[in-house]
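Any value given below was found using the heavy atoms of this structure, including those in side chains, with hydrogens, waters and symmetry copies removed.
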Amino acid sequence: MHQEPVRPDPGPSCPDWMDDPAYLGMRAADEDPGDLDLEDPDDDPPPDADPGELAAEAARIACDQERSAAVMAGLGLTAAMAADAAAALGRRGPGMPGSAESFPGVYASRASGFASGMPLDVAPGCLVLGQFAEEAAGDDDRYPGASDDELQGAIAAWDRVEAYASSRKYAAGAELIRRRPAEGCVPVGPAQMPEAFDEFTPREVASVLGESRTAAEDMLSLANELEVNLPGTKAAFRAGILNQRKAVIIASATALLDPAEARAAEAMVLDRAGALTPPGLRAAISRAVMEVAPGKAKQRREHEAKKTRVERWAEASGNAGLAGRELPPAQVLAADQRVTAWAKELRKAGLEGGMDALRARAFMDILLGMDSRPLGHKPDGTREPQAPAPGGPVAGVIPPGFAGHVTLTIPEATLTRRAARPGELGGIGPVDPELARDLAAAAARNPRSTWCVTVTDKDGHAVGHGCARPVIRRKPSGHDPPGSPGFTFTPTGQPGPPGGYGTWRFTTGQQDMMIKIEPLPTGDCDHRWQARGHDPGVMLRHLTEVRNSRCTGPGCRRPAARCDFEHSVPYEAGGRTCVCNGGPKCRSDHRMKQDPRWNAAQLPGGYLRWTTPSGRQYVTEPTRYPI
């Protein structure tokens, strides 16, 4: 059903000439109607108005109209051309049906050009458009005098400016690819792009942007796709019709296609891509790819299935996430139905919460072999009068065996309840103090748990370390005695190692341990941990992993336990196997450091200074522990 746009009601006092077709046509075209010899006493200025102020206001309005015309002229567009382009490309917001029509009336604010159908409302993204939006915002970003329509037009304009700036960043990335071709690759095609770029180029980009290597790889891949395969998407991205997220969706879906196929697929969605939500665009471009190249669509599915995996991550709330990726669709549906079925059983058993919470509980029950229904629950939905046994499989408990497979870092003051500072759980990230204590208590119940103590400076960098050895083993009880402090950490009065931090007794709920804490060098190294050969041995490797718990490559987050021990000065060239000349590097960064275009110089205290092929330098610092 078509509905005519509702025009602002001019009110009962508006003169008849406002409905004159000639006047409306000229106002819609943003032209001055001239003197129509039609006057209305209601339009006269108030008798006490200052003539100078009126003249200044008239000059300002005229100036704003000139600016609107100037930006369109600078863009090589007329308002009609911009409106036609917006309607044809169907972007969400300005340009969608109904919004490319201007309304007659007086636009007096500095945001007037952003009103529905006005020149700035339909202008493509560019820096000049950003300048007009900045001026309309005012010094305090409150958009003085702007109507809601004009304010929303400014929001849409900033979105197009953002897309424009982002597209120029990707164009710069494409030029870097041209300057960093992989060995044996030469520029080809109209875009003069190499078939592949140097494997370490993403590390340069990651360093200069402060991003991860994966994010930098994704950026360069999109830059390459836009230049080689997707000129239509690149143009729509540059104009602000598509934002970065939508450009990524199209590029990802067409990644396995050749240039001709990719262009055919994008052509099937570009006419409405701006108006589609990201999920809608994802479905549309997927269908287009299947129509253009059904064989390659099948190949893509089978190729990605080889990357099947389970991922975990830290949520911003302090909780965590777990998900399977690239799984067989039929199995996913069957598993989802099983989760829902068990969630319904939990609801029958009386567990509170919505279906989302119950499905999450059911998901963990199935994975961990647990049963979150209250103890004593009978299949018919009733409950036997029974008190839950200690350690029973109830919702929220820490599963048995947890402590033997993760690394938990917790400040001593938190552990002994002298303070409430966050800890850190390996593979997850920061955890709040109460959860950190619960996890430590679970670890104490496991006799295979190992304990180390790291002394840090005021910035959290490791300056001392010691590993515990048990001296008295108590009979495990599964829980601490009532009223027990759980953990204590006290000096023994015995002398510690030279220059160290003494000998300490560490008591958990299950056992007592002794810890001798020795220093880690922060300046000149005394080489007390030096190994004789190339192999660092267990203790030296452990200490370097304590100082740098992750790869020492710029921006790399790979855990040190999964990295190589790499000599800064090669062992074959006389370099020591010592904390002052070695540390963890993932295999990729190990190889990058050996590339003659790159240099990694080890500095005192576990810092490394990397120099990229462009000459830029970045310093990676040792791990900052919770303090």
Side-chain angles (χ1 to χ4, degrees), residues 200 202-216 314 407-411 421-430 452-465 501 517-527 529 536 540-569 575-594 598-627:
F200 300 129
R203 299 314 305 271
E204 287 192 84
V205 174
S207 298
V208 78
L209 295 180
E211 270 288 2
S212 68
R213 176 172 55 190
T214 300
T407 298
L408 171 67
T409 303
I410 177 172
R421 300 169 186 161
E424 187 163 323
L425 185 61
I428 296 296
C452 295
V453 173
T454 298
V455 180
T456 68
D457 61 15
K458 62 181 180 62
D459 295 319
H461 299 143
V463 295
H465 185 77
Y501 296 89
I517 304 178
E518 302 201 52
L520 287 172
T522 57
D524 294 336
C525 183
D526 59 10
H527 313 303
W529 304 111
L540 175 58
R541 183 181 178 95
H542 174 63
L543 292 174
T544 57
E545 292 175 0
V546 166
R547 189 173 62 182
N548 296 96
S549 65
R550 297 185 181 274
C551 172
T552 53
C556 187
R557 299 278 295 169
R558 183 174 292 273
R562 294 162 51 193
C563 294
D564 300 335
F565 177 91
E566 198 270 341
H567 294 73
S568 293
V569 177
R576 296 176 184 267
T577 304
C578 185
V579 290
C580 62
N581 188 51
K585 288 186 180 65
C586 69
R587 185 58 54 87
S588 175
D589 286 341
H590 191 161
R591 293 177 54 254
M592 184 173 72
K593 186 258 181 183
Q594 294 173 332
W598 288 77
N599 178 265
Q602 186 154 341
L603 309 176
Y607 292 85
L608 267 80
R609 182 177 60 235
W610 289 83
T611 304
T612 71
S614 65
R616 287 179 174 263
Q617 292 187 337
Y618 304 93
V619 175
T620 61
E621 69 170 329
T623 298
R624 289 187 179 230
Y625 286 98
I627 56 176

[X] (side chain) donor-acceptor with [Y] (main chain) under 3.5 angstrom:
X	Y	value
Asn599	Thr611	no
Thr552	Pro584	yes
Lys593	Ser568	yes
Asp457	Asp459	yes
Thr623	Ser549	yes
Tyr625	Val546	yes
Gln602	Gly582	yes

Arg203 and Ser588 side chains, donor-acceptor separation under 3.5 Å: no
Heavy atoms only: give me the nearest [X]-[Y] pair and the separation to one decimal.
X	Y	value
Ala561	Glu545	CA-OE2, 3.9 Å
Trp610	Lys585	CZ2-CE, 3.6 Å
Gly464	Tyr501	CA-CE1, 3.9 Å

Rounded to the nearest 0.5 Å, what's the gap from [atom1] on [X] to [atom2] on [Y]? Could you check?
X	Y	atom1	atom2	value
Thr454	His465	OG1	NE2	4.5 Å
Tyr607	Arg547	OH	CZ	11.0 Å
Cys525	Leu520	SG	CG	9.5 Å
Arg541	Cys563	CZ	SG	8.0 Å
Phe565	Thr577	CZ	OG1	6.0 Å
Asn548	Arg550	CG	CZ	12.0 Å

Taking the side chain as C-beta and beyond, is there a heavy-atom pair between [X] and [Y] under 4.5 Å?
X	Y	value
Arg421	Pro626	no
Arg557	Ser212	no
Cys551	Glu566	no
His567	Asn581	yes

Trace of the side-chain contact (heavy atoms from CB on, under 4.5 Å) decision for Arg213 with Asp589: CA-CA 11 Å; Arg213 176 172 55 190; Asp589 286 341; 4.0 Å; yes
One pair to check against side-chain contact (heavy atoms from CB on, under 4.5 Å): Arg591 and Trp598. What are the steps and the verdict? CA-CA 10 Å; Arg591 293 177 54 254; Trp598 288 77; over 6 Å; no
Between Thr612 and Ser614, is a side chain to side chain donor-acceptor pair (under 3.5 Å) present by the stated rule, with each step listed? CA-CA 5 Å; Thr612 71; Ser614 65; 2.9 Å; yes
